[in-house]
Amino acid sequence: MADSARPVALINARVMDPSRNLDEAGSVFVADGKILAAGPQASTDTPPEGAEVIDVKGAVVAPGLVDMCVSVGEPGAEHRETLASASEAAAAGGVTTIVTLPETNPVIDDPALVDFLLRRARDTALVNVRPMAALTKGLKGEEMSEIGLLGEAGAVAFTNGHRSIASSRTMRRLLTYARDFGALVIHHTEDPELAANGVMNEGLNASWKGLSGSPREAEFIMLERDLRLVALTRGRYHAQMISCSDSAEAIRQAKRAGLDVTAAVSINHLTLNENDIGPYRTFFKMAPPLREEDDRQAMIGSLADGTIDIVVSNHDPQDVETKRHPFAEAEDGAIGLETLLAAGLRLVHSEDVPLLKLLAAMTCNPARRLGIDAGTLRPGAPADITVFDPDRPWILDETKIRSKSKNTPFEDARFSGHVLMTIVAGRTVYNYA
Amino acid sequence: MSANQTSRGGGPHPAFPHRHLLGIEGLQPQEILGLLDRAEEAIEVSRQVEKKKAVLRGRTQINLFFEASTRTQSSFEIAGKRLGADVMNMSVSSSSVKKGETLIDTAATLNAMHPDILVVRHHAAGAVELLANKIDCSVINAGDGPHEHPTQALLDALTMRRHKGKIARLVVAICGDILHSRVARSNIILLNALGARVKVIAPSTLLPAGIEKMGVEVHSSMKEGLRDADIVMMLRLQRERMAGSFVPSVREYFRYWGLDREKLSYAKPDALVMHPGPMNRGVEIDPEIADGPQSLIREQVEMGVAVRMAALEALAEHLPNK
């Protein structure tokens, strides 16, 4: 722990702090696990005494990423991913806070389990772990979970994982009850009736492949229902992941109406479309399903115009036993912690989304929505930092993936932009040497 | 509020102008206070060795309970008997209703037996009024669904007045399942009529729509809601509502809305605690508080008999004498 005690000075940096709309040449000083100074003025100051001075040679120094939608196999499926392995992957991807889904075995629907996760994370994880708790007991969508007690135990938000709550009455009561605690309700919207057993986006592509489709309507009809209930209850709501233009439009209107609503999109839906499934590649099977190119473009546009607030990896480790099946029988899910930033930079290089905007959606926006002290380089904040070269080219080598599961949709993909260093609470947890 | 809020001495009471007691709604403040004054005298009667009065001698009182209730039914039974009435208890849930008889059929059947006073509890809001319209005798509502329970509100008011001297300007916090509570509705109407300041405290899932327009301050946190409270009135939470439908669990409910020593400390130091019973100790109230020095819960039961005697006596004045 001697490392964490030693101050650090990152000099010759392009300091990007979206929480303060800052993008300037400067330095970042760290001491006692906190940001001491970050920005152009820091360059003229002298580094803290005894600091390790690191010349980052023009690389970007930004807040560590906050990934608001991460599945970890612990507890219950440690062979797919542990908090330790997920945190290594996160560190390599510049992610300093992972917000975990409660869809484990057992489901995180009891305060004692939140406590367990926090202790395991403290003992084994390289990065910050902030658990979300189940919105309903056992994620069954019927009985509300102990939102008050779970929140006190440390749950930062409440979600039903990848399972939607079909009952409008239950959803209404959840939003109403959660409001008394100021708790954030996060919902994955895919009407199970309408989606039927769809395994990919409904349309010509699915039809030619002979796969059953899940229509876009399954997503936005339930989202529209939720937004009506938010208007009724005045609850706090976050759309866990949207994937089509109509969903974005619904969010846009809800925000215009002054509702306390935010939305996220997964990196996959910003960078991939249903054509990538190709010859039934199961690593591209995910929920929500990859959509057509028009919807991907709409997601990018909605991120750029601020309708979509947050970008997540939807990291979901699956292994051979769950993925090496015919497409329709394989599990949903793709890993994404290590490639989140690199894949996001594609949108910057294509000039669709400014870098500061992309970083905001991966740092201060999720942190603010969850009310956690992260995602900023403001002096006094925890020193969670990522240093990256936005242009360094590289190719993803499957054998070097740190996640225990290798189900990446970016196998052999070419990226421009690599993380050079990741710091959590002042301690270096990743160094690309 | 021109009516004298403190209790007056004995002597003849102003006539009660209604044939039925179906709710607090529609009663004038003076009428409410008149009933409380009558009840004061009934307390005296009940505390004597000789507890019998002759007001209802020769009269027939039927307690018609479509919903089981030990405490309210026995309270009405004792009240009637102390006034000299012949009291008959009918638990309908177990008899004719199951054979398909409608409420109106039941009314007609009872009417033929010439009762003088009918005390009715029913699980459906409005059922008691419906019955009152179809029957010749006086009717007292002993609770109709989540609508009204007038004698409960009266006994609560009597208990409060005896301890605090008056109702006007008292701060009364009603806590718990407001949504399903007839006790809350009757109390809100009565307390507003007599000039009290009423606060309701509950998880928002247990508040009825439009509650903020019912003349109350609405809170979901006990800490804010109990501030300045003179009276803390706890409501019963039905077991089936605690398992994830309206609140997640008993332990969570108790943690945030159960009245314990800490939460009671947010109220005034001399605040008094009430509960219409039956209590769920460890759900809405800590046993330490329920049985503690600030609790009026046992006294409420005594006041219940007195208030029911007062109501029966007031209605008896309307009964035909020939």
Side-chain angles (χ1 to χ4, degrees), chain A residues 102 107-115 133-155 157-160 163 165-185 228-237 260, chain B residues 146 173-181 199-214 216-227 235 237-260 262-263 266 282-284 286:
Chain A
V107 167
I108 308 302
D109 62 0
D110 189 286
L113 292 168
V114 175
D115 192 59
L135 202 44
T136 59
K137 291 172 190 167
L139 298 174
K140 289 187 182 137
E142 292 157 7
E143 297 170 357
M144 64 170 92
S145 59
E146 296 171 314
I147 288 173
L149 297 173
L150 288 162
E152 276 192 40
F158 298 84
T159 170
N160 221 50
R163 294 181 233 179
I165 295 170
S167 160
S168 308
R169 185 177 61 172
T170 301
M171 195 61 190
R172 178 198 181 169
R173 288 209 184 124
L174 282 165
L175 284 163
T176 302
Y177 188 81
R179 190 195 57 195
D180 289 346
F181 293 92
L184 182 65
V185 171
R228 294 277 180 179
L229 293 174
V230 172
L232 172 67
T233 59
R234 294 280 143 188
R236 300 184 65 217
Y237 181 86
D260 189 354
Chain B
I174 307 177
C175 319
D177 186 359
I178 312 288
L179 178 63
H180 302 98
S181 177
K199 302 168 116 186
V200 297
I201 313 167
S204 297
T205 43
L206 291 175
L207 288 169
I211 179 74
E212 64 286 348
K213 291 178 188 138
M214 288 186 178
V216 298
E217 292 170 34
V218 184
H219 297 271
S220 58
S221 134
M222 291 285 268
K223 190 166 189 172
E224 292 162 28
L226 289 181
R227 191 179 301 142
L235 299 175
L237 182 64
Q238 304 282 354
R239 293 241 158 223
E240 65 269 20
R241 295 182 180 131
M242 318 168 196
S245 52
F246 291 89
V247 291
S249 65
V250 169
R251 65 179 180 184
E252 174 142 329
Y253 188 76
F254 185 73
R255 167 77 178 74
Y256 298 104
W257 292 282
L259 189 66
D260 55 13
E262 188 200 329
K263 296 195 197 80
Y266 304 139
V283 178
E284 68 259 1
D286 192 319

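Within every chain, numbering begins at 1; the chains are lettered A, B, ... in the order of the sequence lines, protein sequences first and strands thereafter.
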Problem set entry | Y177(A) OH to S220(B) OG distance, which is reported to the nearest 0.5 Å | 10.0 Å

Exercise. Should the heavy atoms of other residues, nucleotides or ligands under 6.0 Å from CZ of R172(A) be counted, would the total exceed 12?
Worked result: no

For this session: Mind ranking T233(A), L149(A), T170(A), L174(A) by heavy-atom pairs under 4.5 Å with chain B and telling me who comes out on top?
Result: L149(A)

Problem set entry | Most chain B-contacting option - heavy-atom pairs closer than 4.5 Å, from R173(A), E143(A), E152(A), R179(A) | R173(A)

Exercise. Between OG1 of T176(A) and CG of L207(B), what distance do you get to the nearest 0.5 Å?
Worked result: 10.0 Å

For this session: Can you tell which part of E142(A) gets under 4.5 Å to a heavy atom of chain B, answering side chain, backbone, both or neither?
Result: backbone

Exercise. Do you know the tightest heavy-atom contact between F246(B) and M144(A)?
Worked result: O-CE, 3.5 Å

For this session: With the side chain counted from C-beta on, respond yes when R234(A) and S204(B) share a heavy-atom pair under 4.5 Å apart, and no when they do not.
Result: no

Exercise. Just how far is it from atom OH of Y256(B) to atom CD of E146(A), taken to the nearest 0.5 Å?
Worked result: 9.0 Å

Problem set entry | Contacting moiety of Y253(B), where chain A heavy atoms sit under 4.5 Å | neither

For this session: For chain A, find which of S245(B), S221(B), A209(B) contributes the most heavy-atom pairs closer than 4.5 angstrom.
Result: S245(B)

